[in-house]
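Data block below; observations after.
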Number of protein chains: 2
Amino acid sequence: MSTPVRFTLPESELPRAWYNLQADFSEPLPPPLNPGTREPVSPEMMTAIFPENLVEQEMSSERYIEIPDPVREILALWRPTPLLRAVRLERALNTPAHIYYKYEGGSPAGSHKPNTAVAQAFYNKEAGTKRLATETGAGQWGSSLAFACKLFGLECTVYMVKVSFHHKPYRGLMMQSWGAEVFASPSDRTEYGRKVLATDPDCPGSLGMAISEAVEDTVTSKNTKYALGSVLNHVCLHQSVIGEEAIKQMQLAGEEPDVIIGCIGGGSNFAGVAFPFIREKLKHGRKYKIVAVEPSVCASVTQGELKYDFGDTAEMTPLLMMHTLGHGFIPPKIHAGGLRYHGMAPMVSHAVKLGLADAVAYPQTRVFQAAVQFARTEGILPAPEPSHAIAAAIDEAIQCREEGRKKVILFNLCGHGMLDLASYDAFLSGKLTDD
Amino acid sequence: MSTPVRFTLPESELPRAWYNLQADFSEPLPPPLNPGTREPVSPEMMTAIFPENLVEQEMSSERYIEIPDPVREILALWRPTPLLRAVRLERALNTPAHIYYKYEGGSPAGSHKPNTAVAQAFYNKEAGTKRLATETGAGQWGSSLAFACKLFGLECTVYMVKVSFHHKPYRGLMMQSWGAEVFASPSDRTEYGRKVLATDPDCPGSLGMAISEAVEDTVTSKNTKYALGSVLNHVCLHQSVIGEEAIKQMQLAGEEPDVIIGCIGGGSNFAGVAFPFIREKLKHGRKYKIVAVEPSVCASVTQGELKYDFGDTAEMTPLLMMHTLGHGFIPPKIHAGGLRYHGMAPMVSHAVKLGLADAVAYPQTRVFQAAVQFARTEGILPAPEPSHAIAAAIDEAIQCREEGRKKVILFNLCGHGMLDLASYDAFLSGKLTDD
């Protein structure tokens, strides 16, 4: 075969430590604040909903944190994930650019989310937690946590935004197949849910409401903790395996990326691919251009403000220093459900503030054009979320063609679109709009 | 990590040749017969629906056939596929057995079917074909061929059994996302389809009818050929990459399998994993026990007869020497749609006849118990079809526990169940029966 297209690592190269960008920021990450006092939140306050060992990770500025063997044993089910070169897309674009992508869709839940779900389930099990409660929008996170909990013998309760619960029945069934209990939110299981239903029995729900129900469930139950699938520092930490593997795989390919691209919703898959490269940039003076891609209609970084804001709609979380559209902002119902979040991971916001990464925004129809072009050349049907990264990668490659120069582009394909086919149908039948 | 669980091969180890078991049979495979004359079918007759290069492969008894580079380049998107050790399932079963599985669910369509779809699209492209017509039941084959045709610039027409077309809308959408046209069969596009609809406008369709429509479409159109996803010799040939990789991977694991298990419908995934091991058995006198697992209610090998029969219901194909329940047999609507076929690949039937492989049959509820046990220990949600192989592997492992002896068990997990979640729901809610 003339052109190698697949770069894989054996199990022995599965990373042994997570990388923590906090250790390398030139100014420290602003801490979360207590909304009442505006003082930094104490570890004790956070242990109301998270186990102590994860709170420690959340607040750690250690550069490397060892990945426990039981976590590595489960990650090895699908990791190291492949790095692929998109030769057929390159040919279709007639570009001198080389396009590589890290493919996270081979996990049991079909995305990068299990990377942190497995770690969170492990630490909770260690801490004596019996049950995890969480929320989920489109269902990627809920199914990943259901999978991880079952493997560690934890119970799992998922509050799934009601409109998604009914529109994406397969995601709910997936969680149940892994033994989780799933409730359409708002539900009658919490005081908050009952209050909402009393006012509006047909309320379609929102991520903010589902968070409130999961947190209420946690603080009013015994041996129960809460788990979040993005935004927080320890989540970004757990996702660093993506970039650590990609660095080694780009070496196998004998190239160094000029541009590194990931989509951002809460920020975790972008953090996963980008932060280890930011370390290399800082340590070795590399010139990587690092790009976070968000939806135009929910553009927290490019159109929001960097300030302290609540992580949820109901004002139950600490204040986080992040790019935000305001915690009352309700994003339009775009198909990339995983990118519908008003804020941004504080670590991603901080990296952008320090000039370590840039952000761009893409409208939905352009994103789906890119998704279909990718599916019809490369073969993998991407989820709507990483299709934002694909659109930006294609535009970089087109620019290379126009300028007649080669660049090496790397993007993170964080999940497949097998359970998003109704969105493809909407696009292909001309029913998709930009909001 | 104490126990290695993942055995991978780099792209450079992707097989360079397909293995053809015909070369090693102690008595030759009985040829297909012309139903009118009962004389062997000539290559010329077969080129009415297949291109010459594939007819040559169908009739070849060469031991190895080189895999063309353009085919290998696309296979490298997901191949070599991983071999995994099911350590968590072993622990749950408390068995001294070691259980390994080859995982084919990482392909773009989610199963082993693209292994042959890519090859068939390539050879058709080489032969000047412009369009491929095919049928599909549950949709695995149709989506795999749609994917492969798009990558080689061929048009693709899929006749999908009407009841599946409506019950499995995501499979149809997947084909359309890859640019194929999909028709619910019986359709009004063929004379045969119109005839059926005239008698029974609400006819739910069957695989036999869909084959008839695809073949009629082929012979009445220009530059159009027909493609089949299982049963035929060249399909078994293309699937041999599975077993070739598995042999190398078992060496990496430092073990030799005692038992090799695959499910059978048309026979292709079983042929893929088993035939290269049968070669080793014949050549080196190995003692592998090789087991084909079929559904109790469509048990062509364990309950059918080995004789010449038609491959389709409408008696349009040549006669094939195979285990068959009779070409008029309509299998119950079990969830393992890919195993609902009245006959068996002639090469698989011949291997069983010569004592090179055994067959067993499993009822549906036992199969789904195994699927759920596997999903909840190993983490991957298996499709209903390979869950037949899982059930047999679990029973082998339990026997090992009872007899207090270790065996090394290898099975082929030929596809994931992400688009089969409605079947899981039926099982988990107690609605699933054995027929």
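Residue numbering restarts at 1 for every chain, and letters A, B, ... go by the order of the sequence lines.
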To the nearest 0.5 Å, tell me how far L173(A) CG sits from L381(B) CG.
-> 10.5 Å
Shortest non-hydrogen contact from P108(B) to G379(A)?
-> CB-O, 3.3 Å
Output the option from T8(B), L151(B), D425(B) having the highest count of non-hydrogen pairs under 4.5 Å with chain A.
-> L151(B)
Check whether any side-chain heavy atom of S177(B) sits under 4.5 Å from a side-chain heavy atom of L421(A), and report yes or no.
-> yes
Give a yes or no on whether the backbone of R376(A) and the side-chain of W178(B) come within a donor-acceptor separation of less than 3.5 Å.
-> no
Check: E11(A) and V5(B) side chains under 4.5 Å, non-hydrogen atoms = yes
Look at the aromatic rings of H416(A) and H416(B) and report parallel, tilted or perpendicular, splitting at 30° and 60°.
-> parallel
With a 4.5 angstrom heavy-atom cut-off, which part of L84(B) approaches chain A: side chain, backbone, both or neither?
-> side chain
Heavy-atom contact with chain A under 4.5 Å, split by part of F147(B) | side chain
Is any side-chain heavy atom of R88(A) less than 4.5 Å from a side-chain heavy atom of L77(B)?
-> yes
Please say whether more than 12 non-hydrogen atoms of neighbouring residues, nucleotides or ligands are located less than 6.0 Å from CD in E66(B).
-> no
So, for L428(A) and Q176(B), which heavy atoms are closest and what is the spacing to 0.1 Å?
-> CD1-O, 3.9 Å
Could you check which of V372(B), L9(B), L252(B), I380(B) has the highest count of heavy-atom pairs closer than 4.5 Å to chain A?
-> I380(B)
Interchain contact, F374(A) with chain B, by part (heavy-atom threshold 4.5 Å) = neither
Go through the atoms of A148(B) and report whether side chain, backbone, both or neither lie under 4.5 Å from a heavy atom of chain A.
-> neither
Specify which of G179(B), A371(B), G106(B) makes the most heavy-atom pairs with chain A at under 4.5 Å.
-> G179(B)
Between E73(B) and T3(A), is there a donor-acceptor pair closer than 3.5 Å when you use the side chain of the first and the backbone of the second?
-> no
Between R6(A) (side chain) and R79(B) (backbone), is there a donor-acceptor pair under 3.5 Å?
-> yes
Mind checking the CZ-CE spacing from R171(B) to M418(A)? Nearest 0.5 Å is all I need.
-> 6.0 Å
